[in-house]
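Notes for the one structure printed next.
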Amino acid sequence: MDLKWDPALREEFGRDEKAVLDRYPLAAAERAAIEARDFRALYDLGFHPYLGSQLARLIYGNAAGPEATRAVKALVRSLTGTDEEADDSDE
């Protein structure tokens, strides 16, 4: 939620994700899942579904339109275990 509410932190996360993650007491599995964009692993570790959608939007794009669509598709691919890009013609 820090990334959601702190624009400067979001900007830093975009530049240096490792430095931002270093500030938080994440378990190794949590950090690995974030770095791999593996939302299913995060959910399996107890991550709240609402936070997964928020994190996906922050990583893949938070604006309405194509960026939001890309974030949702990335989240769904991770949750369903599909590696293939869906028809992204609307992006």
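Keep in mind that what you see is a predicted model, and the values were worked out from it rather than measured.
Minimum heavy-atom separation, Ser78 to Phe39: OG-N, 2.7 Å. Residues Ala27 and Glu30 approach most closely at N-OE1, 2.6 Å, considering heavy atoms. For the pair Lys4 and Arg10, the tightest heavy-atom approach, listed with the atom from each and the gap, is O-NH1, 2.6 Å.
Tyr50 and Leu45 fall into different hydrophobic clusters, defined by Ile, Leu, Val, Met, Phe, Trp and Tyr side-chain heavy atoms under 4.5 Å apart, directly or through other members. When hydrophobic clusters are built by joining Ile, Leu, Val, Met, Phe, Trp and Tyr residues whose side-chain heavy atoms come closer than 4.5 Å, directly or via intermediates, Leu51 is grouped together with Leu3.
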Self-check item: Chi angles and distances behind the side chain to side chain contact (heavy atoms under 4.5 Å, CB included) call for Leu42, Leu55
Solution: CA-CA 11 Å; Leu42 288 169; Leu55 183 59; 4.1 Å; yes
Self-check item: Glu35/Leu21 under side chain to side chain contact (heavy atoms under 4.5 Å, CB included): CA gap, chis, key distance, verdict
Solution: CA-CA 9 Å; Glu35 290 171 341; Leu21 294 178; 3.9 Å; yes
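Considering only residues two or more places apart in sequence or on other chains, Asp16 meets the salt bridge (charged side-chain N to carboxylate O under 4.0 Å, His left out) condition with none of them. Partners of Arg37 by side chain to side chain donor-acceptor pair (under 3.5 Å), not counting sequence neighbours, listed by chain and number: Glu17.
Salt-bridge check for Asp44 with Arg40: passed, with a basic side-chain N closer than 4.0 Å to an acidic carboxylate O.
Taking the six-membered ring where tryptophan is involved, the planes of Tyr43 and Phe47 are tilted, since the angle between them lies from 30° to 60°.
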